[in-house]
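Worth saying up front: this structure is predicted, and the values here are computed from it rather than measured. Numbering of ligands and ligand atoms starts at 1, following listing order. We count residues from 1, following the sequence as given.
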Amino acid sequence: MEPLKRLDRSVKGRAVLITGAASGMGRATAHLFASEGALVAITDINEAGVACVVEEIAAVGGTAHGWRLDVSDAAEIKRVVAEVAARFGRLDILINNAGFGGLSPLDSSDYDSVWDRTITGLLTGQQRMVRAALVHLRKSDAARIVNIASTEGLGATPGDSPYAVAKTGIIGLTRALAVDLGPEGITVNCICPGPIRTALTDAIPEEVKTIFAKRRTALRRYGYPEEVAHITFSLCLPAASYITGAIIPVDGGLMVRNA
Ligand code: NAI
């Protein structure tokens, strides 16, 4: 390999597909990629939200197109991934970010259905996205996959087992895919966000957020979606060519703080 000068620190002209891009970290990531000259596919189950983000990016001169995509729907995944690749003429980067929360105590009457919905939407959706995107990623000289898990994949909050299991599964999926796709030079990494200010955590009262952050994180505060987006972005640079299978907490030090 040539020395560092050959490494590329730009995503200009590269095509990126982001799931769950209508809100929170997905939206912040979409804005960042667009501002760096990437061709951005905004996908989300929330169609109105998709249109909004596409408009926001267009308003600042970026290139983005939108698709409604429910990552629980296998057929829709295949169709939308093919449409994105056709629209941009390429697909270099996949960011599996879509997600939803909701506690599900073990003795709740709908536990089984929450379990099925959570595993399908959070975990199965990510592997289906990867398999649908592979044919296109294989044509890229710097194919990148980033899977968004959670610190709930590294530990667990009471009453939230389907979510914790799905997020732990994403960590395993990342490692397995990194090994499977490594010989082809496709990198697969995983980010585990901690407490981040998005729609997912909106309902938590400010006071509760403050107490939690002060007690549990090293940085004593909640994070912002942009602080996760920047790490995701870094993992997708062509220059990020020797990191794969990494599980990276972006959690303000939540997982390292004991007291
Ligand atoms: P958010 O609620 O702001 O954004 C999630 C997006 O995913 C929404 O636009 C939603 O419409 C979309 N979505 C939900 N179900 C979908 C489906 N079946 N198909 C396609 N899109 C779907 O939440 P946030 O926080 O930005 O979440 C992004 C990811 O980060 C999720 O995977 C979440 O589990 C994860 N995460 C979030 C944390 C936080 O503190 N906010 C902490 C750890 C992980």
Quiz item: Considering only heavy atoms of Gly24, which atoms of ligand 1 have at least one such atom less than 4.0 Å away?
Solution: 3 (O), 26 (O)

Quiz item: Is there a heavy atom in Ile148 that sits closer than 4.0 Å to ligand 1?
Solution: yes

Exercise. List the steps, then state whether side chain to side chain contact (heavy atoms under 4.5 Å, CB included) holds for Ile18 with Ile42.
Key: CA-CA 6 Å; Ile18 307 171; Ile42 309 292; 5.6 Å; no

Quiz item: Nearest protein heavy-atom contact for atom 38 (C) of ligand 1: which residue, which atom, what distance?
Solution: Met25 CE, 3.6 Å

Exercise. Count the heavy atoms belonging to other residues, nucleotides or ligands that lie under 6.0 Å from CZ of Arg257, then report whether that count exceeds 12.
Key: yes

Exercise. Step by step, work out the side-chain hydrogen bond (donor to acceptor under 3.5 Å, both in side chains) result for Thr174 and Asn147.
Key: CA-CA 7 Å; Thr174 302; Asn147 298 327; 3.1 Å; yes

Quiz item: Among Gly99, Gly26, Ala149, whose heavy atom sits nearest atom 44 (C) of ligand 1?
Solution: Ala149

Quiz item: For atom 20 (C) of ligand 1, what's the nearest protein heavy atom and its distance?
Solution: Leu69 O, 3.0 Å

Quiz prompt | For Asn97, atoms of ligand 1 separated by under 4.0 Å from a heavy atom | solution = 28 (C), 29 (C), 31 (C), 32 (O)

Quiz prompt | Interatomic distance, Leu137 atom CG to Lys139 atom NZ [nearest 0.5 angstrom] | solution = 10.0 Å

Practice problem: Go through Thr157 and Glu152 one step at a time and tell me if the side-chain hydrogen bond (donor to acceptor under 3.5 Å, both in side chains) criterion holds. | Solution: CA-CA 7 Å; Thr157 297; Glu152 292 297 310; 2.6 Å; yes

Practice problem: May I ask you to check whether Gly194 has an N/O atom sitting below 3.5 Å from an N/O atom of ligand 1? | Solution: yes

Quiz item: Can you list the atoms of ligand 1 that are under 4.0 Å from a heavy atom of Phe100?
Solution: 15 (N)

Quiz prompt | Closest to atom 39 (C) of ligand 1 among Leu254, Val50, Asp251, Ile196 (heavy-atom distance) | solution = Ile196

Quiz item: According to the side chain to side chain donor-acceptor pair (under 3.5 Å) rule, which pairs have a member within residues 222-239, sequence neighbours left out?
Solution: Arg221-Glu227

Quiz item: Under 4.0 Å from any heavy atom of Ala98, which atoms of ligand 1 are there?
Solution: 7 (O), 20 (C), 21 (N), 22 (C), 32 (O)

Quiz item: Can you tell me if Lys167 has a non-hydrogen atom under 4.0 Å from ligand 1?
Solution: yes

Quiz prompt | Proximal candidate to atom 24 (P) of ligand 1 [heavy atom criterion; set Ile45, Thr198, Ile191] | solution = Thr198

Quiz item: Should Arg117 and Asp112 count as an ion pair when the cut-off is N to O under 4.0 Å?
Solution: no

Quiz item: Between Glu206 and Arg197, does at least one N-O distance fall below 4.0 Å, as a salt bridge requires?
Solution: yes

Quiz item: Side chain, backbone, both or neither: which part of Val71 comes within less than 4.0 Å of ligand 1 when only heavy atoms are counted?
Solution: both

Exercise. May I ask you to identify the nearest protein heavy atom to atom 3 (O) of ligand 1, giving residue, atom name and distance to one decimal place in Å?
Key: Ser23 OG, 2.5 Å

Quiz item: Does ligand 1 have any atom that is closer than 4.0 Å to a heavy atom of Tyr222?
Solution: no

Practice problem: For atom 8 (C) of ligand 1, find the nearest protein heavy atom and state the residue, atom name and distance (0.1 Å precision). | Solution: Asp44 OD2, 3.5 Å

Exercise. Please say whether Asn46 places an N or O atom under 3.5 Å from an N or O atom belonging to ligand 1.
Key: no

Exercise. Mind telling me whether Trp67 and Phe88 have parallel, tilted or perpendicular rings, with 30° and 60° as the class edges?
Key: perpendicular

Quiz item: Which of the numbered atoms in ligand 1 are below 4.0 angstrom from a heavy atom of Tyr163?
Solution: 33 (C), 34 (O), 35 (C), 36 (N), 44 (C)

Practice problem: Please could you name the atoms of ligand 1 that Gly20 approaches to less than 4.0 Å, counting only its heavy atoms? | Solution: 6 (C), 7 (O), 12 (C)

Quiz item: So is Pro195 close enough to ligand 1, meaning a heavy atom under 4.0 angstrom away?
Solution: yes

Self-check item: Polar atom proximity, Asp70 to ligand 1 (N or O, under 3.5 Å)
Solution: yes

Self-check item: Glu184 atom CD, neighbour heavy-atom count above 12 within 6.0 Å
Solution: yes

Quiz item: Are Val250 and Ile148 connected, step by step, through hydrophobic side chains (Ile, Leu, Val, Met, Phe, Trp, Tyr) whose heavy atoms are closer than 4.5 Å?
Solution: yes

Practice problem: Determine yes or no for a side-chain-to-main-chain donor-acceptor pair under 3.5 angstrom, with Ser104 supplying the side chain and Tyr111 the backbone. | Solution: no

Self-check item: Heavy-atom neighbours of Arg216 CZ exceed 12 at 6.0 Å
Solution: no

